[in-house]
*Asks:* 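Just passing along the structure, written as structure tokens.
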Amino acid sequence: MVIKTDFFESAPTAQLAQKLLGVVLTVTTKAGPLRAVIVETEAYVGQLDAADHGYGGRITRKNRALFAAPGTVFTYQMHRQTLLNFVTQAVGDPQGILIRAVQPIEGLSAMTQNRPKTGPALTNGPGKLTQALGLTMVLNGRLLPETPLTLSWDPIFQPREVQTTSRIGIANKGSWTAAPLRFLVAGNPFVSKQLKRDIDLDRYGWRSNN
DNA sequence: GAGTAGATCCGCT
DNA sequence: GCGGATCTACTCA
């Protein structure tokens with residue numbers, strides 16, 4: 001079932017970020033579809049959140065898309081990487097969800113061409129997955145249905161356990177530094193900064209084998 | 001396997 | 001000028 005844009009205002013952002021775990025992201029390309037399951041997300045919860053790009057309600061050219069309608073794609077560049085976010089909540093409320101890691105399902109050879117790495121290193125980080133999927137800044141500010149991206153639920157992928165931690169790379173932001181707003185599929189090898197001993201090689205953290 | 005330094009560039013102050 | 005929602009290579013074990 002394809003996720004529509006009203007999903008992105010149907011619950012608080014932290015809940016939506018959890019619901020995206022196990023959701024399949026499809027990128028339609030000339031060479032065919034690239035498909036990957038979302039295994040790690042982070043929630044950014046608005047102008048009070050010191051780690052949010054819309055902190056304080058200040059709108060700039062860079063963060064403008066974050067203030068747009070729910071279901072808008074927000075991309076921005078960081079150290080030469082492109083990071084992918086989906087905007088949540090009403091227009092003017094700068095909340096969003098960062099996609100931090102995905103597990104490839106289909107189009108592996110095309111992904112490897114985009115990013116010549118094997119195993120988890122292909123997509124186990126926010127900058128890595130945009131490279132592998134060929135996502136760039138042209139997506140910024142576009143509504144999901146206007147982009148080559150599709151999000152859909154697949155009953156095959158249900159996390160056995162969702163783990164909650166503080167967000168990565170957020171330092172010196174007071175209580176927001178430790179806020180439990182990062183969500184991941186426990187044991188999935190594509191989760192970023194995953195320790196080898198925590199990996200569930202049997203089921204990749206899903207409820208059943210695929 | 002785990003931890004750390006350096007690269008590198010755009011947008012904002 | 002400065003610093004960031006990162007990545008990679010290099011170290012030590």
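Letters go in sequence order (proteins before strands), and every chain restarts at 1. All values below were derived from every heavy atom in this structure, side-chain atoms included, with hydrogens, water molecules and symmetry-related copies excluded.
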*Asks:* Under 4.0 Å, counting only non-hydrogen atoms across every strand here, what does A:L98 touch: a base, just sugar-phosphate, or nothing?
*Replies:* base

*Asks:* Against the six-membered ring of A:F157, is A:R207 placed for a cation-pi contact (under 6.0 Å from the centre, within 45° of the normal)?
*Replies:* no

*Asks:* Could you give the CZ-to-P distance, from A:R115 to C:dT6, as a whole number of Å?
*Replies:* 14 Å

*Asks:* Contact class for A:D52 (heavy atom, under 4.0 Å): base, sugar-phosphate, or nothing?
*Replies:* nothing

*Asks:* Round to a whole Å and report the spacing from OH of A:Y76 to P of C:dT6.
*Replies:* 7 Å

*Asks:* For residues 36-48 of chain A, which residues have at least one heavy atom under 4.0 Å from DNA chain B?
*Replies:* none

*Asks:* If you define the side chain from C-beta out and look only at heavy atoms, does anything of A:L139 sit under 4.5 Å from A:P148?
*Replies:* yes

*Asks:* Does the side chain of A:Q89 come under 3.5 Å of the side chain of A:T13 through a donor N or O and an acceptor N or O?
*Replies:* yes

*Asks:* Backbone N or O of A:L83 within a donor-acceptor pair of the A:T75 side chain at under 3.5 Å?
*Replies:* no

*Asks:* Measure from CD on A:Q81 to C1' on B:dG6 and round the result to the nearest Å.
*Replies:* 14 Å

*Asks:* Are the side chain of A:E146 and the backbone of A:L144 linked by a donor-acceptor contact shorter than 3.5 Å?
*Replies:* no

*Asks:* A:K193 NZ to B:dT4 P: how many Å, rounded?
*Replies:* 11 Å

*Asks:* In whole angstrom, what separates A:M78's CE from C:dC2's P?
*Replies:* 17 Å

*Asks:* Is it the case that A:S192 and A:E40 place a side-chain donor and acceptor less than 3.5 Å from each other?
*Replies:* yes

*Asks:* Which pair of non-hydrogen atoms, one from A:W176 and one from A:I170, has the smallest distance, and what is that distance?
*Replies:* O-CG2, 4.3 Å

*Asks:* Can you check the A:L83 CG to C:dC7 C1' distance for me, whole Å?
*Replies:* 11 Å

*Asks:* Does a donor on one side chain sit under 3.5 Å from an acceptor on the other, for A:Q194 and A:N124?
*Replies:* no

*Asks:* Got a list of protein N/O to nucleotides 9-13 of chain B N/O distances below 3.5 Å?
*Replies:*
unit_1: B:dC9; atom_1: OP1; unit_2: A:R80; atom_2: NH1; d: 3.2
unit_1: B:dC12; atom_1: OP1; unit_2: A:T60; atom_2: OG1; d: 2.8
unit_1: B:dC12; atom_1: OP1; unit_2: A:R61; atom_2: N; d: 3.1
unit_1: B:dC12; atom_1: OP1; unit_2: A:K62; atom_2: N; d: 3.0

*Asks:* For nucleotides 11-13 of chain C, print each protein N/O atom paired with a nucleotide N/O atom at under 3.5 Å, atom names and distance only.
*Replies:*
none

*Asks:* Looking at A:R182, does any N or O in its side chain come under 4.0 Å of the phosphate oxygens OP1/OP2 on C:dA5?
*Replies:* no

*Asks:* Spell out, as yes or no, whether a donor-acceptor pair under 3.5 Å connects the side chain of A:N85 to the backbone of A:F74.
*Replies:* yes

*Asks:* Using a strict heavy-atom distance below 4.0 Å, which residues from residues 116-143 of chain A are in contact with DNA chain C?
*Replies:* A:K117, A:G125, A:P126, A:G127, A:K128

*Asks:* Restricting to side-chain hydrogen bond (donor to acceptor under 3.5 Å, both in side chains), what partner residues turn up for A:E106, sequence neighbours left out?
*Replies:* A:R35

*Asks:* Between A:H53 and A:Y76, is the ring centre distance below 6.0 Å?
*Replies:* yes

*Asks:* So that I can compare with my own list, what are the stems of DNA chain B, taken as at least three consecutive Watson-Crick or G-U pairs with distances under 3.5 Å?
*Replies:* B:1-7 with C:6-12, B:9-12 with C:1-4

*Asks:* Taking atom CZ as the centre, does A:R115 end up with more than 12 heavy-atom neighbours from other residues, nucleotides or ligands that are less than 6.0 angstrom away?
*Replies:* yes

*Asks:* Establish, yes or no, whether a centroid distance under 6.0 Å links the rings of A:F7 and A:W153.
*Replies:* yes

